[in-house]
Each structure stands twice: as C-alpha cells, then as structure tokens.
Amino acid sequence: MAVRAALATGLLSVADARAVETYASPVPLCASGTRAAEHGLADLDAPSLEAVRAIAKVDRRRAAMTVQDEATGGKTPRHGAIPTISTLPPGSGRPATRGGRLRGS
C-alpha cells in the first residue's frame, strides 16, 4: 500500500517500485513470527562469544549517547537518542554484563 501511494504521489519511481516488487532478501527468513521469536531467543541463556561482543559494542555506543542527569542522578538520553541497554531495570533479560562476561562467570 505504501509503495502504491509513493508511486502515485511521485515519491517513488516506477523502476524503484518494480525493484521493491521483485526484491529477495539475501538473508534466509523464518516461515513465521513464532519461528523467528524462537530463533531469536534460542541462545538467550548462554550467548555465543560473538553475541557477547556485539552486546558490549552496542552498550558502548549507546552509553556514548547518554548524559548524566544531575537532578535524579540517573542517565538520560541525549535529545533524540535511544535509551541504553544499561538503563533497563535489573532482571530485564539482558544476558551479559559490561566487559562481555556472562553472569556468574
């Protein structure tokens, strides 16, 4: 529907609309949302080293987007920034701690 609207208003060229129509993802997709959720949660309790490193990288980058809120002593996202993983409440399911070490190790 959005592609049709963009095409009708001139925001999208005919060539781009055809490209959208024939696009095939280079990444295999799950057959259902349920299967995708199962896949995403599969290693939550014991993430791979690669996943731990990715979490640490995201955590570092998001931390750079926050400022210390002097009034509350907490972290507040900079204007337009996404809250950091580290601002989630304890026990929210985050599998790794800072430094890439698993809990309990």
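We're numbering straight along the sequence, starting at 1.
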Taking ILVMFWY side chains as joined if any heavy atoms are under 4.5 angstrom apart, and letting links pass through other members, which residues group with [X]?
{"X": "Leu12", "value": "Val3, Val20"}
{"X": "Val14", "value": "Leu7"}
{"X": "Tyr23", "value": "none"}

Quiz item: So which heavy atom on Asp45 is nearest to which on Pro47, and how close?
Solution: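 In this case the closest contact between Asp45 and Pro47 is C-CD, 3.7 Å.
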Self-check item: For the student: nearest non-hydrogen atoms of Cys30 and Ala36, plus distance
Solution: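 Where Cys30 meets Ala36 most closely, the heavy atoms are SG-CA, 3.6 Å.
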Quiz item: How long is the gap from CD on Glu50 to CZ on Arg53, to the nearest 0.5 Å?
Solution: 9.0 Å
Quiz prompt | Arg18: salt bridge (charged side-chain N to carboxylate O under 4.0 Å, His left out) partners, not counting sequence neighbours | solution = none
Quiz item: What pairs with Ser32 under side chain to side chain contact (heavy atoms under 4.5 Å, CB included), at least two apart in sequence or on another chain?
Solution: Thr34, Arg35
Quiz prompt | side chain to side chain contact (heavy atoms under 4.5 Å, CB included) involving Ala54 - partner list, sequence neighbours excluded | solution = none
Quiz item: Can you list every pair that meets side-chain hydrogen bond (donor to acceptor under 3.5 Å, both in side chains) and has a residue in residues 3-16, with sequence neighbours left out?
Solution: Ser13-Asp16
